[in-house]
Amino acid sequence: MRASQLFLPTLREPPADAEAVSHKLLVRGGFIRQVSAGLWTFLPLGWRVHERVVGIVREEMNAIGGQELFMPVVTPAELWQKTGRYRIPELWKIEDRNGRPHVLALTHEETVTFHARELQSYKQLPQILYHFQTKVRDEPRPRGGLLRVREFVMKDAYSFDRDEEGLELSFRKHAGAYERIFERCGLETSAVQAESGMMGGSESIDFLAPARSGENTLVTCERGDYAADLEIARGVPRPPEFPDRLDAPEQVDTPGIETIEALAGLLGIDAAATSKAMPVVRDGRVVLALVRGDDRLEEAKLSAVLGGEIRPATDDEIREAFGADPGSLGPVGFEGEIVADEALREGQFVAGANTTGRHLRGVEHGRDFQARFADIRQSQEGDACPRCGGALRFQTAIEVGHIFKLGTYYSTPLDARYLDETGREQPIVMGSYGIGPGRVMAAVVEQRHDEQGIVWPRALAPYDVHVVALPGLEEQGAAVAEALEAHGSSVLLDDRDQRAGEKFADADLIGCPTRITVGKKTLDDGAVDLRDRESGEERRVPMAELGALP
RNA sequence: CGGGGCGUAGCUCAGCCUGGUUAGAGCGCUGCUUUUGGGGAGCAGAGGUCGCGAGUUCGAAUCUCGCCGCCCCGACCA
């Protein structure tokens, strides 16, 4: 391809509002352009990369027996009403000309389960169906270029099995395929246990790619035996230094004390020997969540424990339920449900007295209050690994893939059933598996770039070789490009009427793995200069050897 | 949805506080000259509803109000 005829608008400067490296480089390199918030066009170069990711995903999906099909983006609202997902705020709702409600699919569980009703016998199971299709989500906050967008292509796959055992097998197959996909894309990822969020179902695994920009936090053990998403990570906090035990709670005046640091300072105790009360509302009821003073509540965990949506209680709700201001709340005397973190099971803690400006020393579970215990704290730096006690490491990361065990969450409401050997009707057991190729692209750029630009892995590069024809040598450059193409390489020939420096800068920015320079000096030697983008190494190669290049 | 910021040429921005010729710069773009192995130099040009709408004023890019859009943080989130 001749750069002089390619729609490849590279920019010297990054867009002013870009933060993420992948956002800056993909825009500067002429791979993508923004149309509106979270809505992006893939320019010719960007689409080539996207389609290379798609190609890899397709090969690996076919290798585990996946069957590619294609489902529509627009779906009737009824399907979503049946599964209860019609009320998801991200769901983009539209009407046809008759006013009949439809939605733009944010994934395709409903649609594929609708089709799965044609699977009627155990003899037809298992099945894996997948497609590459546009997903539309009315995201509250798109951000970071391709990292979170409102419309994107997703490879979504769905497995159909007769039972949990079959699902486990399909799930493992996908996990294996995903490992191979990311490996081939040159991405470093960790597979971790994760929250299921809006998808429903029992178990899920996230594939997280560590990067400077990202919306997830990957928690790993320094010894490599533990990895989890922060939302469900179970770090072990250090033990507190408790003061002397008290036979009964003792009230202390703490006027104007609003933070744990101030409280611990005033009383001269370890912040870990205090407790923090976080009132939340679930289904209109105030529930008290209790964590250690030096911990933060992990709302995702609490939400899972309580089995539904939660929100922080308002100041008015707090005063009505506790008779005290936020800052002096505690479990003693509270009539409602209390969920306490495991770290508070043993020992005596300082807690709010439910009287403004007062706290209680020596509060002990069992004697002074009753609570349901669960892991609801957010892991933090300094925690120990739950497996081996080693130090935990925290890294921001990008979620590039997510696989879910759905069970019968969709098949039951949508009536996807089969008959087993004994003639009994059973719901189909399902799994769903997603990868966003655009986000994979962004993650690759986040992990593989330098000051000059992108360093694409060979498998994803828009072209294998970038031939830079120095000014006046366009035809000689074209001859080199033809020779390379004859040997199976894809070639971008920079035959633009530009200075050498500009061409080199663009080549570095675009990031093809190999750059070949055709210049007067090289031609005098009957050779070209070949430079490896990743290592920066450059060597002179005789023209006759071009066919043997990678 | 809460907080903060921004909106002037294709891009990056200045001008606004303190209203007043014909609205500017750099980069990019067009033509010519020169130059040619890491974003050269010169000359000549094209390119603008100053986000939109009201208002104040003799006069608004500039002040006021409303709306829209975009970015960042948070909330939320396959």
Side-chain angles (χ1 to χ4, degrees), chain A residues 9-20 23-24 27-28 30 33-39 85 88-91 105-110 133 135-145 147-150 152-158 194-201 204-207 213-216 229 231 299-300 303 309-312 398-404 406 431-436 438-439 451-453 468-473 477 494 496-509 515-524 528-529 531 536 538 540:
Chain A
T10 57
L11 299 174
R12 186 185 293 233
E13 293 174 83
D17 48 22
E19 291 283 319
H23 182 184
K24 293 180 186 172
V27 171
R28 281 190 57 210
R33 283 294 184 270
Q34 183 168 21
V35 176
S36 180
L39 300 174
R85 293 212 295 177
I88 290 177
E90 283 74 24
L91 196 61
L106 51 75
T107 64
H108 282 77
E109 279 79 6
E110 278 78 1
Q133 175 61 297
K135 304 291 177 274
V136 179
R137 298 180 183 183
D138 193 1
E139 291 286 349
R141 185 151 103 78
R143 78 186 100 181
L147 291 178
R148 178 162 294 274
V149 294
R150 294 198 290 175
F152 62 103
V153 170
M154 181 198 262
K155 185 288 297 175
D156 41 325
Y158 305 91
E195 264 297 307
S196 292
M198 70 166 88
M199 302 301 302
S204 82
I205 291 181
D206 240 346
F207 290 82
S213 300
E215 300 181 301
N216 295 66
D229 188 290
E231 287 190 351
E299 288 188 32
S303 174
E309 303 256 313
I310 55 171
R311 63 167 172 84
I398 299 164
E399 177 188 334
V400 287
H402 204 160
I403 64 179
F404 300 86
L406 299 174
S432 86
Y433 314 89
I435 290 182
R439 201 186 260 184
E451 287 294 301
Q452 270 59 255
V468 173
L470 292 182
L473 302 173
D494 192 347
R496 296 173 304 166
D497 180 21
Q498 300 288 351
R499 299 176 58 82
E502 237 170 296
K503 294 189 179 193
F504 290 144
D506 272 352
D508 289 344
L509 176 61
R515 185 185 85 194
I516 284 180
T517 306
V518 179
K520 284 200 186 72
K521 297 181 208 164
T522 68
L523 290 173
D524 287 347
V528 297
D529 283 344
R531 182 181 165 106
E538 186 155 11
R540 191 146 294 183

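Within every chain, numbering begins at 1; the chains are lettered A, B, ... in the order of the sequence lines, protein sequences first and strands thereafter. Atoms considered below: every heavy atom in the structure, side chains included; atoms not considered: hydrogens, waters and symmetry mates.
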- Message: I'd like to know whether A:Glu231 forms a side chain to side chain contact (heavy atoms under 4.5 Å, CB included) with A:Glu299, so could you lay out the CA-CA distance, the side-chain angles of the two residues, the decisive distance to 0.1 Å, and finally the verdict.
- Response: CA-CA 8 Å; A:Glu231 287 190 351; A:Glu299 288 188 32; over 6 Å; no

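- Side-chain contact between A:Glu215 and A:Leu147: absent, with no pair of heavy atoms (C-beta onward) separated by less than 4.5 Å.
- For A:Asp497, the CG atom is loosely surrounded, since the number of other residues' heavy atoms within 6.0 Å does not exceed 12.
- Using C1' as the reference atom, B:U34 and B:U22 are 34 Å apart when rounded to the nearest Å.
- Rounded to whole Å, atom C1' of B:C1 lies 15 Å from atom CD of A:Glu139.
- With a 3.5 Å ceiling on both atom-pair distances, the Watson-Crick or G-U wobble partner of B:C1 is B:G74.
- B:C76 and B:G2: their C1' atoms are spaced 12 Å apart (whole Å).
- In this structure, the separation between OH on A:Tyr433 and CD1 on A:Ile205 is 10.0 Å, given to the nearest 0.5 Å.
- At whole-Å resolution of the value, CZ in A:Arg33 and P in B:C70 are 18 Å apart.
- Between the C1' atoms of B:C17 and B:U64, the separation comes to 15 Å (whole Å).
- With a cut-off of 3.5 Å on both pairing distances, B:U57 has no Watson-Crick or G-U wobble partner at all.
- In this structure, B:G26 and B:C11 make a Watson-Crick or G-U wobble pair, each of the two defining distances being under 3.5 angstrom.
- Counting only heavy atoms from C-beta outward, the side chains of A:Arg531 and A:Thr517 never approach each other to under 4.5 Å.
- Counting atom types as modelled, A:Arg141 pairs no side-chain N or O with a base atom of B:C77 as donor and acceptor under 3.5 Å.
- Using the Watson-Crick or G-U wobble rule with both distances under 3.5 Å, B:G69 pairs with B:C6.
- Atom P of B:C11 sits at a distance of 15 Å from the matching atom of B:G28, rounded to the whole Å.
- Counting to the nearest Å, the C1' atom of B:A75 and the CZ atom of A:Arg311 are 14 Å from each other.
- Taking atom P in both B:C6 and B:A54, the straight-line distance is 25 Å, to the nearest Å.
- Heavy atoms of A:Arg148 sit under 4.0 angstrom from at least one base atom.
- Taking atom CD of A:Gln34 as the reference point, atom P of B:C11 lies 12 Å away to the nearest angstrom.
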- Item | Protein proximity profile, nucleotides 37-47 of chain B - base contact B, sugar-phosphate-only contact S, no contact -, cut-off 4.0 Å on heavy atoms | BBBB-------

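- Of the P atoms belonging to B:A23 and B:A61, the separation is 9 Å, rounded to the nearest Å.
- Remark: P of B:G28 and CG of A:Asp497 are 13 Å apart, rounded to the nearest angstrom.
- As rounded to whole Å, 14 Å separates atom P of B:C77 from atom CZ of A:Arg439.
- When Watson-Crick and G-U wobble pairs are counted only if both distances are under 3.5 Å, B:G31 pairs with B:C43.
- Of the C1' atoms belonging to B:C63 and B:G19, the separation is 8 Å, rounded to the nearest Å.
- Using a 4.5 Å heavy-atom threshold, the side chains of A:Glu502 and A:Arg496 count as separate.
- Within 4.0 Å of A:Pro89, counting heavy atoms only, lies no atom of the nucleic acid at all.
- Using P as the reference atom, B:A14 and B:G51 are 13 Å apart when rounded to the nearest Å.
- Backbone-only contact: A:Pro14 has heavy atoms under 4.0 Å from sugar-phosphate atoms and none from a base.
- The distance from atom CD1 of A:Ile310 to atom P of B:C76 is 8 Å, rounded to the nearest whole Å.
- Side-chain contact check for A:His402 versus A:Ser432: every heavy-atom pair is 4.5 Å or farther apart.
- Pairing for B:U62 is absent, judged as Watson-Crick or G-U wobble with the two contacts each under 3.5 Å.
- A:Phe152 comes within contact range of at least one nucleobase, with a heavy-atom separation under 4.0 Å.
- Comparing A:His23 and A:Gly401 by the nucleotide of RNA chain B that holds the closest heavy atom to each, the one mapping nearer the 5' end is A:His23.
- Pairs of residues two or more places apart, or lying in two chains, that qualify as side-chain hydrogen bond (donor to acceptor under 3.5 Å, both in side chains) and include a residue from residues 9-20 of chain A are A:Thr10-A:Asp506.
- Comparing B:C73, B:C71, B:G26 against the side chain of A:Ala37 picks out B:C71 as the nearest.
- With a cut-off of 3.5 Å on both Watson-Crick or G-U wobble distances, the partner of B:G48 is given as none.
- Using a 4.5 Å heavy-atom cutoff, the side chains of A:Lys135 and A:Leu106 are not in contact.
- Considering every non-hydrogen atom in both A:Pro15 and A:His23, the closest pair reads CG-NE2, 4.5 Å.
- Atom CG in A:Asp17 sits roughly 11 Å away from atom P in B:C70 (whole-Å rounding).
- Using a 4.0 Å cut-off, no side-chain N or O of A:Ser36 falls inside it from OP1 or OP2 of B:G69.
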